[in-house]
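Ligands are counted one by one from 1 in listed order, and the atoms in each one are counted from 1 as well. Both backbone and side-chain heavy atoms feed into the values below; hydrogens, waters and symmetry mates do not.
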Amino acid sequence: MLPDSISPGALKTEDEHRRDICTVGRWLHQRGFVAATDGNISVRLDPRRILTSPTAVSKGMMAADDLVITDLEGKKISGRRNPSSELQMHLLIYQRRPDVNAVVHAHPPVATGYAAAGLPLNKALVSEIVLSLGCIPVARYGTPGTPELTEALEPLVQSYDALLMANHGVVTYGPDLLTAFFRMETAEHFARVSLVTELLGKQVLLSGEDVEKLLAARARYGLTTAAQAVPGCPVTAEAAAGDRITLTREELEALIENAVKRRG
Ligand SMILES: [Zn+2]
């Protein structure tokens, strides 16, 4: 029987990492973040080896000996099964982010809906998200399992800890597997909250000053990340207002009248 909790930290034995990956796989499946055999999980065992979930197995039904060990180029070192065709995405993240020891990829339905709509989750809507993930951008579409996909993710890996992958899903990563999993959970939760504000037809964004205070609090709460800060992330009330123009009824009518006249 697998435990229903995992401890933080990346300094564990290989057996502990195997158990953790199976537990996280079950959590992804239970929460509906993956369907059928979707998704993949990996952990950096040491500077040369990656432990990863196998292809064509439900992430909710993995056993410790289903997992595969590869090198940093994705060549299998041991395991009776084969690694996922999406392993290259994990390897790219390990290469570009030495601070990262675990990667989780899934297709949680609401965040994946934003990815399929080409909409980033980048607004300062919820204080906890500003503290934890900041923004979740959308990487352009690339065919899964091909270099197109890794090329699309590459420019974003340094600056964010969670990425929406257009028309595909979500990838999150962190210093240990629990953090990477929590980031997946946070991304989906934020997508749900964003969707509710869209349904309500109203979004009140935090001001630049509020966002500054939250970013300053990050260090106090121990929520620092190695991701590089990006100007304009998240989008504040002032930035959003800058994109909007306000017209009086008269001004609008004059504009329409002019346009109609020009066509006539
Ligand atoms: Zn996928």
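Salt-bridge check for Arg80 with Asp66: passed, with a basic side-chain N closer than 4.0 Å to an acidic carboxylate O. Ion pairing of Arg48 with Asp71 is absent here, as no side-chain N (NZ or NE/NH1/NH2) approaches a carboxylate O to less than 4.0 Å. Using a 4.0 Å cut-off between charged nitrogen and carboxylate oxygen, Asp65 and Arg81 do not count as a salt-bridge pair.
Excluding waters, the set of protein N/O/S atoms under 2.8 Å from the Zn ion (ligand 1) reads Glu86 OE2, His105 NE2, His107 NE2, His168 NE2.
Applying the side-chain hydrogen bond (donor to acceptor under 3.5 Å, both in side chains) test to pairs two or more places apart or on separate chains, those with a residue in residues 107-122 are Asp38-His107, His105-His107, His107-His168. Sorted by first then second residue, the ring-ring contact (aromatic ring centres under 6.0 Å, His included) pairs that include residues 185-222, not counting sequence neighbours, number zero.
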In residues 130-148, what donor-acceptor pairs under 3.5 Å come from side-chain atoms, sequence neighbours left out?
from, atom 1, to, atom 2, distance (Å)
Ser132, OG, Glu128, O, 2.9
Thr143, OG1, Glu148, OE1, 2.9
Thr146, OG1, Thr143, O, 2.7
Thr146, OG1, Glu148, N, 3.3
Glu148, OE1, Thr143, N, 2.9

